[in-house]
Q: 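My questions all concern the structure below.
Every number for a ligand or one of its atoms is a count from 1 in the order of the listing.
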Amino acid sequence: MAAEKESDWSGFFSGCVPPPNADSSARAMAEFAERHSAQGRRVVLVTSGGTKVPLESRTVRFLDNFSSGWRGAGSAEYFLELGYAVVFLHRHRSLSPFSRRYSGLNLLDALKAVPVAETTRWRVEADQAALPGIVPVLQRYTAVREAGLLLPVEFSTLSDYLYLLRAAAQALSPSGPKAMFYLAAAVSDFFIPASEMPEHKIQSGASPLQLTMQMVPKMLAPLVKDWAPHAFVTSFKLETDSSQLVARARKALATYRHQVVVANTLETRRVYVVIVTEDSQIDLALSENEVKQQQEIEEKIVQHLSECHTNFIEKSKSPE
Ligand code: 9Z3
């Protein structure tokens, strides 16, 4: 991973079209961060879900990845429980905080239309048995919504994500060390620049499809150095080969010089992660019993990181 030059990412932005929600989302994020910071609250940006990489500019086909957004959506809930205000930058149709538990469900199976006596009206009744734990989930969701503590912002493609990440960093930067970045989205490493992309649908022919993709500049470099230089930054490292996991997490820390890498492997990511900092390495795992009780590794990750964040804020107050 070479250190990125400024031109890598500024060139990336000049070559692509801003997402339709770029300006309104940038304003909403700046206003959100400013309001919560003024009230003394910590603000975290949680990124979540995969990114879509178009193969044609009138896009019929695209490359995607496995990420469901469970990690980001669950973590957002635990940050809210700990008193953070949360900007939730998520992939369109990936899981959302609170509703994530019911995503596999056909809502219509849980609802019933009941006639209201002596009127022509109907009311809708929910079968609670079909929606396990719905009452406390709904109560928490309503409280969060009424307090304005969660700001969802949606992206779809890789370039939308990068635009909005930069806008989010600029919005949270004035919060200084009280801002946290929790970069759980699974971001593509490869893309086709707009200038090299065919306009129309790629035609199928006799020969196999060959694609040349460019490397996506690593936005962690400008984020840590320029966009939000005083914030607490956590990135995630995903591997399929566990023997390389911690070494690659360390390499990312050494390259970008941010605070934490949460390292995980594809198969064990729901039950085990390693939290890597410059001078420590801590395993977090769910026991079999905790899994049975439906505890979540995200709760442990967020609890641990919020303690690291407290220390970071304290340290930034005291002179070197
Ligand atoms: C992660 O490693 C997340 O933990 C997962 C969560 C994407 C595995 P799900 O959404 O999965 O709950 O299904 N995210 C970061 C993955 C990533 O792309 N990291 C980059 C890398 O490994 C660095 S930014 O190089």
Q: Report the residue from E298, R100, E296, E299 that forms a side chain to side chain contact (heavy atoms under 4.5 Å, CB included) with E77.
A: R100
Q: Polar-atom distance check: S235 versus ligand 1, any N or O pair below 3.5 Å?
A: no
Q: On a heavy-atom basis, which atom in A126 and which in L131 lie closest, and how many Å separate them?
A: CB-CD1, 4.1 Å
Q: Out of the candidates V273, V276, T265, only one should pair with L245 under the side chain to side chain contact (heavy atoms under 4.5 Å, CB included) rule; please name it.
A: T265
Q: Over all heavy atoms of both residues, which pair between Y102 and P132 is shortest? Give the atoms and the distance, please.
A: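 Minimum heavy-atom contact is OH-O, 2.6 Å.
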Q: One residue to check: S94. Relative to ligand 1, which of side chain, backbone, both or neither has a non-hydrogen atom less than 4.0 Å away?
A: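 Neither part.
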Q: Which ligand 1 atoms, with their elements, are less than 4.0 angstrom from a heavy-atom of R270?
A: 9 (P), 12 (O), 13 (O)
Q: Can you find an N/O atom of G69 closer than 3.5 Å to an N/O atom of ligand 1?
A: yes
Q: Do F181 and F232 have their ring centres less than 6.0 Å from each other?
A: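 They do not qualify: ring centres at least 6.0 Å apart.
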Q: Should one rank M219, R91, R269 by closest heavy-atom distance to atom 11 (O) of ligand 1, which comes out on top?
A: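 It is R269 that holds the nearest heavy atom.
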Q: For a quick test of reading the model, state the closest non-hydrogen atom pair linking L45 to A168 and the distance between them.
A: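 For L45 versus A168, the nearest heavy atoms are CD1-CB, 3.7 Å.
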Q: Heavy-atom contact under 4.0 Å between A252 and ligand 1?
A: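 Outside the 4.0 Å threshold, so no.
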Q: Can you sort out which atoms of ligand 1 are near K237, meaning under 4.0 Å from one of its heavy atoms?
A: 21 (C), 22 (O), 25 (O)
Q: With a heavy-atom distance limit of 4.0 Å, tell me whether L238 approaches ligand 1 through its side chain, its backbone, both, or neither.
A: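 For L238, the contact with ligand 1 is made by both the backbone and the side chain.
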Q: Can you list the ligand 1 atoms lying under 4.0 Å from a non-hydrogen atom of S67?
A: 7 (C), 9 (P), 10 (O), 13 (O)
Q: List ligand 1 atoms under 4.0 Å from A186, heavy atoms only on the residue side.
A: 7 (C), 16 (C), 18 (O)
Q: Should the pair E125-R123 be classified as a salt bridge under the 4.0 Å nitrogen-to-oxygen rule?
A: yes
Q: Run the numbers for me: atoms of ligand 1, each under 4.0 Å from some heavy atom of S68, listed by number.
A: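 That gives atoms 9 (P), 10 (O), 12 (O), 13 (O) of ligand 1.
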Q: Classify the angle between the aromatic ring planes of Y182 and F79 as parallel (below 30°), tilted (30 to 60°) or perpendicular (above 60°).
A: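 The rings of Y182 and F79 stand perpendicular, inter-plane angle above 60°.
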Q: Measure from atom 2 (O) of ligand 1 to every heavy atom in T51, N264, L220, L245 and give the option owning the shortest one.
A: N264
Q: Find out whether the Lys NZ or Arg CZ of R166 is both under 6.0 angstrom from the six-membered ring centre of Y163 and within 45° of the ring's axis.
A: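 Yes, a cation-pi geometry.
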Q: Report, in ascending order of atom number, the atoms of ligand 1 lying under 4.0 Å from any heavy atom of A184.
A: 1 (C), 3 (C), 7 (C), 14 (N), 15 (C)
